Every structure is written in structure tokens, then in C-alpha cells.
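What's counted below: heavy atoms across the whole structure, side chains too, no hydrogens, waters or symmetry copies. Just so it is clear, the structure is predicted and the values come from calculations on it, not from any experiment.
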Amino acid sequence: QVQLVESGGGLVQAGGSLRLSCAASGLTFRLYAMGWFRQAPGKEREFVGAISWNRATTYGTNSLKGRFTISRDDAKNTVYLQMNSLKPEDTAVYYCAADKGAVPSSASAVYDYWGQGTQVTVSS
């Protein structure tokens, strides 16, 4: 049974940082691209970024790329999302997802497995 468990969310002031973790089990982690998505209240799920099995990364927007960094530790079956210079508009539930494809995708439909999400709240 595949499980993805996010952690590290919480309340932070604008300008602060958080590091989210997503621990995977039940799959051959090193073969999967891992993505991060987020969903704010009343909005559609948004692609944050993804990392391929060989550590190629892609991000949803240039603004995210400059502030957020995705990395992975295959020995720990964990993917990370380092978020710096947080803004109130980054407030959302953040989800990690796993995709067997070779190229990290921004399309949520291609991801095979999803975590339950972790809440990130940025206060102004």
C-alpha cells in the first residue's frame, strides 16, 4: 500500500520560511517523480513544482522558483519543499504526489499517488 505523508506545515509570519517533508512508503521511491501542489480556499489546485528521479526540477511560476526549492533524499524516501520569503498568498494546503513518469509534470492528472496534505498559513 502506497502512502505519502506530508509534514512541516504550520503558521508563519510573512517573510519567514518553512520546510515541508513528504515521506513515501510502499513504492520504489527512486523511480518516481515527485510533485508538490497547493490549494487555497475557493481556488483550484495549483502546481508548485516537481523533481524527477534524476533530480531535474521544474516550478510552477518564476516567482515560486525564486523562493521555493524542491529536493529529494532517496535513502530516506523523502521529498522536501523549502519555502522562503513566504507571503500571505502562499497560504494553502500543500500536497505531495508521486508520478511514475520520467519527466516531472505540472498536470495533476498524471500523478498516481497523493498525500493528505499539510496546512501552511502565512500571516501578514
inquiry  = Please enumerate all residues that pass side chain to side chain contact (heavy atoms under 4.5 Å, CB included) together with V122, with sequence neighbours excluded.
reply    = V12, A14, L86, P88, D90, T91, V120
request  = With the side chain counted from C-beta on, respond yes when W114 and C96 share a heavy-atom pair under 4.5 Å apart, and no when they do not.
outcome  = no
query = Short question: side chain of T121, backbone of L11 - any donor-acceptor pair under 3.5 Å?
reply = no
message = Run the side chain to side chain contact (heavy atoms under 4.5 Å, CB included) test on Q82 and S71 for me, step by step, so that the C-alpha distance in whole Å, both residues' side-chain angles and the decisive distance to 0.1 Å come before the verdict.
response = CA-CA 8 Å; Q82 177 67 44; S71 60; over 6 Å; no
query = Does anything in residues 38-81 pair up under ring-ring contact (aromatic ring centres under 6.0 Å, His included), and if so which pairs, sequence neighbours excluded?
reply = F37-F47
ask   = Any donor-acceptor pair under 3.5 Å linking the side chain of R67 with the backbone of S85?
value = yes
inquiry  = Which residues pass the salt bridge (charged side-chain N to carboxylate O under 4.0 Å, His left out) test with R55, not counting sequence neighbours?
reply    = D74
ask   = Partners of D99 by side chain to side chain contact (heavy atoms under 4.5 Å, CB included), sequence neighbours excluded?
value = A33, S105, V110, Y111, D112
query = Is Q119 atom CD crowded by more than 12 heavy atoms from other residues, nucleotides or ligands, each under 6.0 Å away?
reply = yes
task = Could you tell me whether a side-chain N or O of T28 sits under 3.5 Å from a main-chain N or O of L31, the two making a donor and an acceptor?
result = no
ask   = If you take all heavy atoms of A40 and A92, which pair is closest and at what distance?
value = N-CB, 3.8 Å
F29 six-ring face occupied by R72 cation (under 6.0 Å, within 45°) = yes
query = Can the positive tip of R45 be found less than 6.0 Å from the middle of the six-membered ring of Y95, inside 45° of the ring normal?
reply = yes
inquiry  = Here's one to test your reading of the geometry: is the NZ or CZ of R19 within 45 degrees of the ring axis of W36 and under 6.0 Å from its centre?
reply    = no
message = I want to check something: taking the side chain as every heavy atom from C-beta on, are L20 and E6 in contact at a cut-off of under 4.5 Å?
response = no
request  = List in chain and number order the residues that pass side chain to side chain donor-acceptor pair (under 3.5 Å) with N62, two or more places apart in sequence or in another chain; answer none if no residue qualifies.
outcome  = none
task = Evaluate the side chain to side chain contact (heavy atoms under 4.5 Å, CB included) criterion for residues Q3 and Y113: first the C-alpha distance (whole Å), next the side-chain angles of each, then the deciding distance (0.1 Å), finally the verdict.
result = CA-CA 8 Å; Q3 281 193 314; Y113 306 104; over 6 Å; no
message = For S63 and K87: C-alpha separation, side-chain torsions, deciding distance, then whether side chain to side chain contact (heavy atoms under 4.5 Å, CB included) applies.
response = CA-CA 11 Å; S63 172; K87 305 175 182 180; 4.1 Å; yes
message = Nearest 0.5 Å, please: how far is NZ in K65 from OG1 in T58?
response = 8.0 Å
ask   = What residues join V5 in its hydrophobic cluster, counting side-chain heavy atom gaps under 4.5 Å, either direct or through other members?
value = none
note = Heavy atoms of L4 and A98 approach each other most closely as CD1-N, 3.8 Å
request  = Check step by step if side chain to side chain contact (heavy atoms under 4.5 Å, CB included) holds for L27 and Q1.
outcome  = CA-CA 8 Å; L27 52 71; Q1 180 181 359; over 6 Å; no
note = Only one of I51, T78, I70 passes side chain to side chain contact (heavy atoms under 4.5 Å, CB included) with M34, and that residue is I51
